[in-house]
Number of protein chains: 2
Amino acid sequence: MRLMATPSDLELANRLADAAGEAIRPLFRGEWSEEQKADRSFVTEADKAAEAAMRAILEAERADDGIIGEEYGTRNEGARRQWVLDPIDGTTSFIAGRPIFGTLIGLLQDGFPVLGIIDQPIARERWAGRMSEGTTFNGKPVRTAPCRELSDAVLGTTSPHHFSDHEADHFMGLAKAVAERKIIYGGDCYNYGLVASGHVDIVCEAGLKLHDFAALAPIVEGAGGLMCDWAGEPLHAESDGTVLAIGDPARLEDVLEAMGHD
Amino acid sequence: MRLMATPSDLELANRLADAAGEAIRPLFRGEWSEEQKADRSFVTEADKAAEAAMRAILEAERADDGIIGEEYGTRNEGARRQWVLDPIDGTTSFIAGRPIFGTLIGLLQDGFPVLGIIDQPIARERWAGRMSEGTTFNGKPVRTAPCRELSDAVLGTTSPHHFSDHEADHFMGLAKAVAERKIIYGGDCYNYGLVASGHVDIVCEAGLKLHDFAALAPIVEGAGGLMCDWAGEPLHAESDGTVLAIGDPARLEDVLEAMGHD
């Protein structure tokens, strides 16, 4: 079986994103309940409603596929095709009323990401990518930007608190190689969409889980960029949670060198 | 002369924001030139065009008022009324294609902020406040949110790189008092608007210049919040650049204590 997603997978993924957006929009900057999870992250009524809406569609239409959801767990664990759902990536931004969170929908085949969607339901912005098929932003093809030198790069990361001390040292190596005033913090998945569109050059993060990154690789790579872990290896279901997105693949060696990778 | 801004000042400020937005929108996620300034921050063609558009209106209609602009400097330095303009606060977010920067328009009377606007031209979101007159978001009155304990608070700051080591220690005292997963990074002026609207509880920053904070105090205080420097003193033209915005003024002492203020 080839590792690929079909047009009908993409059509379904778009409907999942539509359903999640319908669940999230009425709650943005409104009233919702929230609770803190074991990993200390927060989950709101909006996260739960959006994932439930997506699962209902998958269960009705793709009973044989697996589901790995951030809030409601795993179904059909052994299936070769797995839908990976993060109803709100950037729950803290959602809580704070900032429209730079996103719904993430990924499709894994044999453990490798083959399709991804980042949907920003408030601004109604959607990146969609299929491995080897190109990436679109609101339906129009997008490409990552060339980046001749690290000192020209715009670098994004969500929060310095997501790094261990050891990881922070590696990140700071990269931060020192770019212009300090071109580092953007916050943004979660939104920054990866901006890499695909050519506005951000590099995103460097750690501590990501499968539901955080599964959707991102097809989007960044479909647009001409590169995604890998901090060792430069492709992302897959067992990756260690360190993630690099690099708009211009020619900068990979420079990035790894700046991070002091052995 | 009472320290106040008139309805006609507010009407004029709204027209300034309209003009800045007209200059910025066509350049967002488009092609523009940029350069790095002596303070290592970046300035783009959009910053310059937006400030020029605002200055043209002020020079035509308020020849006696002063102007303090981030990009084009000071006019009528001795005037009692000074318009303080930051055409794009959050130029890095603008460069990165993130719609969470803003145009800042402040009016100082005898050195104290009496009127402010934060305008987000892409999302078409506008906060406007006059000291003692209340704050609006897109024309509708807004209020800050109550916050019973620091451990419930959403805390925002733009970048850890904007703190000196000494300042970072004070910030980390506050960061430890709130839930780690409720700290949002990035956002510049946009976070202060979200305090006024009751979505963010505290913003803590340092290294701000007059054009960064002059517009913010009337917006946060008009919505029922409090703005001060890290010593708890009101902001004015000679403030040291440390800034706190606190949605629930009852938390001021807790915030200063958490920051380890002497």
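Just so you know, these numbers use all the heavy atoms, side chains as well, and skip hydrogens, waters and symmetry mates. Just so we're on the same page: letters track the sequence lines, and every chain starts at 1.
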Whatever's closer than 4.5 Å to a heavy atom in chain A on B:Glu125 counts as side chain
Turns out that what part of B:Ala123 lies under 4.5 Å from chain A's heavy atoms comes down to neither
task = Measure centre to centre between the rings of B:Phe101 and B:Phe28, then say whether the value is under 6.0 Å.
result = yes
Practice task
Decide whether B:Arg124 and B:Asn138 meet the rule of one side-chain donor and one side-chain acceptor closer than 3.5 Å.
Solution key: no
Quick one, A:Glu205 with A:Thr158, criterion side chain to side chain donor-acceptor pair (under 3.5 Å). Give me CA distance, side-chain angles, the key distance, then yes/no.
CA-CA 7 Å; A:Glu205 302 197 297; A:Thr158 299; 2.6 Å; yes
- Message: In this structure, is the centre-to-centre distance between the rings of B:Tyr185 and A:His161 below 6.0 Å?
- Response: yes
Cut-off 4.5 Å, heavy atoms of chain A, and the answer for B:Ile122 is neither
Turns out that what part of A:Glu34 lies under 4.5 Å from chain B's heavy atoms comes down to side chain
**Prompt:** Would you call the rings of A:Trp32 and A:Phe94 parallel, tilted or perpendicular, where under 30° means parallel and over 60° means perpendicular?
**Reply:** tilted
Bottom line for B:Asp201: the part with an atom under 4.5 Å from chain A's heavy atoms is neither
Note: vs chain A, highest number of non-hydrogen pairs under 4.5 angstrom among B:Asn191, B:Ile184, B:Val154 is B:Ile184
Counting heavy-atom pairs under 4.5 Å with chain A, the top scorer among B:Ser159, B:Ser93, B:Pro160 is B:Pro160
Whatever's closer than 4.5 Å to a heavy atom in chain A on B:Ser197 counts as neither
Honestly, the part of A:Ile95 sitting under 4.5 Å from a heavy atom of chain B is both
Counting heavy-atom pairs under 4.5 Å with chain A, the top scorer among B:Gly156, B:Gly90, B:Ser41 is B:Ser41
Only one of B:Tyr190, B:Trp127, B:Tyr192 passes ring-ring contact (aromatic ring centres under 6.0 Å, His included) with B:Phe137, and that residue is B:Trp127
In terms of heavy-atom contacts, A:Met227 and A:Glu221 come closest through N-OE2, 2.8 Å
